[in-house]
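This report refers to the structure that appears directly beneath it.
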There are 2 protein chains.
Amino acid sequence: MNTESRDFTPSARDRFDRMHSTIRTRICLLDYAPGTRLSEEALAAEFGVSRTPLRRVLVRLEGEGLLHSVHGVGTFVTDVEISELAQTYQLRLELAELTGKLGAVTPKEELWGEFKALSARSKALLKAPDARRFAELNMDFFIALLKLTTNEPLRDICERLYFQTTRIWLKSVFASKIDLADEVDVFDREVHDILRALEVGDLHAAALIQRAHISMSFTRMLNGAGRSAP
Amino acid sequence: MNTESRDFTPSARDRFDRMHSTIRTRICLLDYAPGTRLSEEALAAEFGVSRTPLRRVLVRLEGEGLLHSVHGVGTFVTDVEISELAQTYQLRLELAELTGKLGAVTPKEELWGEFKALSARSKALLKAPDARRFAELNMDFFIALLKLTTNEPLRDICERLYFQTTRIWLKSVFASKIDLADEVDVFDREVHDILRALEVGDLHAAALIQRAHISMSFTRMLNGAGRSAP
DNA sequence: CTGCACAATGATGTGCACAACACAACGAAG
DNA sequence: CTTCGTTGTGTTGTGCACATCATTGTGCAG
């Protein structure tokens, strides 16, 4: 998780995690939009390594459904069909609710501070909407929510599906800047409501709220796609 | 989408899938028991390729939680702690039930035939219990059940968790040969009950039966481990 | 002008040699 | 006899050169 806790151990595994996390974040935050071709050589040069260790990372990301390599053509960021996206969202709904049932734990002091900071960032974003900041905050908040369950396999799967789908949703949000303010507003309410539920200690309610917002986000995306389509 | 429709294209991707599937099956069927060290060189020689493409497969399997490579030491088949195994099983229970809710479809003619064949194999196994055959049948039956839902992400996750956990359960079953006959008997009833539910067209009931059996399997494993532990 | 064969280009995939690393066996100092 | 340093051996990780593949541009025939 926090690979930067140790000062610096240039071991193989640390480099792998660094590169993996970096590229994955870039994909999720649309630095590499769906369909973008990634240059192995350029990335290898950026990280100061050869193609070999970099390809290791790409293979892993391909296994996570974020990349797709084709011999002789290139390595591309995957795009997700609406039909498959709908299936994934349906699954995410159920998994989000499961988060509140399987190994749910009330946040500790440290996590509380994290949530407070996230809430502050949300409030700040309300007054000055920014696409990039919104994407980052959304991701950080989701990762923080994942810490509410101790069921690691469930966390891994939720995280995996998040990185798989949220970027598609973000793409549609970024497509029409008019809706960004609305999305930020809705998101702030989600943060507010979930924190409220957590304060009461009702983890199941928090999960249900999250589920509801995931569902509504997808619905808004479908509607928005229908409107802003060329 | 369906790369296996063409008769045979000895392309890179096909070789990758072949090696991946082969090694994964061996791990699940305990040909490579947890803790076993895999020789990259030997495997590469077996498949008639260099270490490079083979390592690609190993990296993928490591991402699926089946292998674990350590620099300078070796590549080992992962073992799963009881605590994590319990979490995974808890999750599998919920996912099994979801299978009956998300995109559940009644089996087609082809799938019916498959189920009939599986039932026959189960009956045959009843009269002549065999560890290896049991492991294979268990896997084939699970894969067949997965075809009852059209939700691909859910299928992928269930399959992934199956390969992750069932081998641990099988290990405990194989540890005490006395229980093998009982397990085969229980399994045959599971097949029978699920097929019965499918014939009626009640997919949710089939999923619930499966869920119950997964739960009971884990419980028996815990008890059995307590008894046969040295 | 159109259509096709073909070479040129650039991408990923592969093979091989070597570096980095962990562990074990060994031996000398205490 | 114990203990620590050292070396040997086998493993995974890395870098590089080349093979293989798909695309594209080009030139010639129609």
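Just so it is clear, the structure is predicted and the values come from calculations on it, not from any experiment. Chain letters run A, B, ... following the sequence lines, proteins first and then strands; every chain starts at 1.
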Reckon Thr75(B) has a side-chain N or O less than 4.0 Å from the OP1 or OP2 of dT12(D)?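 For dT12(D), OP1/OP2 do have a side-chain N/O of Thr75(B) under 4.0 Å.
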[atom1] of [X] versus [atom2] of [N]: gap in Å, rounded?
{"X": "His68(B)", "N": "dT12(D)", "atom1": "NE2", "atom2": "P", "result": "12 Å"}
{"X": "Phe16(B)", "N": "dT12(C)", "atom1": "CZ", "atom2": "P", "result": "16 Å"}
{"X": "Arg56(A)", "N": "dT14(D)", "atom1": "CZ", "atom2": "P", "result": "7 Å"}
{"X": "Glu41(A)", "N": "dG10(C)", "atom1": "CD", "atom2": "P", "result": "11 Å"}
{"X": "Leu43(A)", "N": "dT12(C)", "atom1": "CG", "atom2": "C1'", "result": "14 Å"}
{"X": "Asp14(A)", "N": "dT14(D)", "atom1": "CG", "atom2": "P", "result": "11 Å"}
{"X": "Arg15(A)", "N": "dC21(C)", "atom1": "CZ", "atom2": "P", "result": "9 Å"}
{"X": "Arg13(A)", "N": "dT12(D)", "atom1": "CZ", "atom2": "P", "result": "13 Å"}

Sidechain N-carboxylate O distance under 4.0 Å for Glu159(A), Arg155(A):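 Looking at Glu159(A) and Arg155(A), the cut-off is not met.
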May I ask you to say what [X] touches in the nucleic acid, namely base, sugar-phosphate or nothing, with a heavy-atom cut-off under 4.0 Å?
{"X": "Leu54(B)", "result": "nothing"}
{"X": "Arg51(B)", "result": "base"}
{"X": "Glu40(A)", "result": "sugar-phosphate"}
{"X": "Leu58(A)", "result": "nothing"}

Pro53(B), nearest nucleotide to its side chain (from dG15(D), dT12(C), dG15(C)):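 Of all the options, the side chain of Pro53(B) is nearest to dG15(C).
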Heavy atoms from C-beta onward define the side chain here; which of dC16(C), dT12(C), dG15(D) lies closest to that of Arg37(A)?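 Output: dT12(C).
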Cationic tip of Arg92(A) within the cone over Tyr89(A)'s six-membered ring, i.e. under 6.0 Å and within 45° of the normal?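 Yes - Arg92(A) lies over the ring of Tyr89(A), closer than 6.0 Å to its centre and within 45° of its axis.
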Cationic tip of Arg24(A) above Phe163(A) ring, under 6.0 Å, 45° of axis: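 Flagged: Arg24(A) positioned over aromatic ring of Phe163(A).
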Residue closer to the 5' end of DNA chain D, Ser39(B) versus Thr52(B) (nearest nucleotide):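 The residue mapped nearer the 5' terminus is Ser39(B).
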Whether the Thr36(B) and Arg26(B) side chains hold a donor-acceptor pair (N or O, under 3.5 Å, no angle test) is what I'd like checked.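 There is no such pair between these side chains.
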Run the salt bridge (charged side-chain N to carboxylate O under 4.0 Å, His left out) check on Asp31(A) and Arg132(A) step by step: do they pass? CA-CA 10 Å; Asp31(A) 291 333; Arg132(A) 174 75 185 202; 2.4 Å; yes
Return the 5'-most residue of the pair His71(B), Glu62(A) with respect to DNA chain C, ranking by each residue's nearest nucleotide.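 Per heavy-atom nearest nucleotide, the more 5' residue is Glu62(A).
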